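Since the structure comes first, as structure tokens, the remarks are kept for the end.
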There are 2 protein chains.
Amino acid sequence: MSSRRGRPPAYDREAALIAIAEAFRVRGYAAASLEEIARAAGMNRPSLFAAFGNKKAMYLAALEDYRRRMRVAVSPALEGDGALSKVLVDFFDAVIAFYHEGTAPGCLVLCTAPAEALADKEIGRALADLITEIEEQLRRRILRAADEGKGVRDPAGLAQLMLATLTGVAIHARAGVKQANLKRFARANIAAAMPGTG
Amino acid sequence: MSSRRGRPPAYDREAALIAIAEAFRVRGYAAASLEEIARAAGMNRPSLFAAFGNKKAMYLAALEDYRRRMRVAVSPALEGDGALSKVLVDFFDAVIAFYHEGTAPGCLVLCTAPAEALADKEIGRALADLITEIEEQLRRRILRAADEGKGVRDPAGLAQLMLATLTGVAIHARAGVKQANLKRFARANIAAAMPGTG
DNA sequence: CTCATTTTGTACCATCTTGCATAAAAATCA
DNA sequence: TGATTTTTATGCAAGATGGTACAAAATGAG
């Protein structure tokens, strides 16, 4: 008996996934070579293959882990108890900070998956799933505020506007808009979508 | 004197640019091979190179032409004289129709350039330029409505919301959302962003 | 008709890419 | 220590890719 036989892995799976996601996020799926990915993860290709499968499996695993980390990064802000406009401001601040972790700005999913979504149905589904999850989280939180009598006019419409704002933030960040301006963009959208609130 | 010496080109430059843009739009920049592009354009690679330069030059030329065609496709709706909400609905209907021309949905610029924008500054600038142009067109039209006393509460904020809605439409289309639902999405965003207007 | 000019099409090259085969290394078990 | 198991590391093979050289084809000029 024992935990594991054989030579122990020299890599940490979660750290490797973060490095893989970072390589794909900066270069895009098709342009990122396995050589670059292996170097970023501090592994060599055979180890990469043994751990995560082929390139597409690596990408899908990185997408899934990225989505989980994003959820962890933004959930606290979204589950806060303040005024809805403040909750949304905090949510976008968390999103923007998350999109600026690492060496370059942008969202792994929203900036790299669309290019591949047509040629590969699994990638397309991963993209659609993330969008659906974010929209549902936003709608759930906004409906909660509406139920609490916070005077939300059109909960579903507001959720869609905030979802659109999120895609805008992701694309704008990739186009070089600075964090401060992204935050202004988010605040302006929240204010314009919630007239009458602060 | 004369117009042109030598063997006449067998291709039409505008038709070739449309075919090149279509190949890049469906497959993405990095994943589209010159073989595919040549086949799509009905040319062979040496002719492609002579006409448009290397792969990146082809992509930049396709981006520019696509941007011009999009401008042509949506300007009539945006310059209409009806109520602002109707103008915006017509604008998004034109955008959605334009994004569904060809064999697959999506925006060449917003769906494929973000993946490359970090590794290539020229592509990044092309992406930023398109976003800036669209935002300016939206803001100009909304300010005009405000000047005409149409009761627009926050013109700049509304323009940003509509810009975000546009990126949302592009990404959603790529993720497989059907045209009818994209139109609903746009209408819901317009209604939520312009409360009080029918 | 001949020449100069421009485009086309075939073939090619150097490089990169993905994926794997295989041997060395590092650990556990007996 | 020796056998077994799992990971690492070097290197390789098959194929795809971007880009080009070069000859044939098609036009206008003289």
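Worth saying up front: this structure is predicted, and the values here are computed from it rather than measured. Residue numbers begin at 1 in each chain, while the letters A, B, ... track the order of the sequences.
Note on B:Ser47: every side-chain N or O is 4.0 Å or more away from OP1 and OP2 of C:dT7. Phosphate proximity of C:dT8 to B:Asn44: absent, as no side-chain N or O sits under 4.0 Å from OP1 or OP2.
Straight-line distance from the OH atom of A:Tyr11 to the P atom of D:dA9: 12 Å, rounded to whole Å. In this structure, CG of A:Leu48 is placed 13 Å from C1' of D:dA9, rounded to the nearest angstrom. Look at CZ on A:Arg39: it is 15 Å from P on D:dA9, rounded to the nearest Å.
Aromatic ring pairs are classed by plane angle as parallel below 30°, tilted from 30° to 60° and perpendicular above 60°; the pair B:Phe24 and B:Tyr59 is perpendicular.
Cation-pi geometry between A:Lys86 and A:Phe91 is not satisfied (NZ or CZ under 6.0 Å from the ring centre, within 45° of the ring normal).
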Protein within reach of the bases, or only the backbone? For nucleotides 16-27 of chain C, mark each nucleotide 5' to 3' as B, S or -, using heavy atoms under 4.0 Å.
-SBBBB---BBB
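Atom CD of B:Glu64 has 12 or fewer neighbouring heavy atoms from other residues, nucleotides or ligands inside a 6.0 Å radius.
When heavy atoms are screened at a 4.0 angstrom cut-off, B:Ala51 is found touching no nucleic acid atom at all.
Taking a cutoff of 4.0 Å between a charged side-chain nitrogen and a carboxylate oxygen, B:Asp120 and B:Arg125 do not qualify as a salt bridge. Salt-bridge annotation for A:Arg68 and A:Asp65: present, with a side-chain N of the basic residue lying under 4.0 Å from a carboxylate O of the acidic one.
Across every non-hydrogen atom of A:Ala23 and A:Ile37, the tightest pair is CB-CG1, 4.1 Å.
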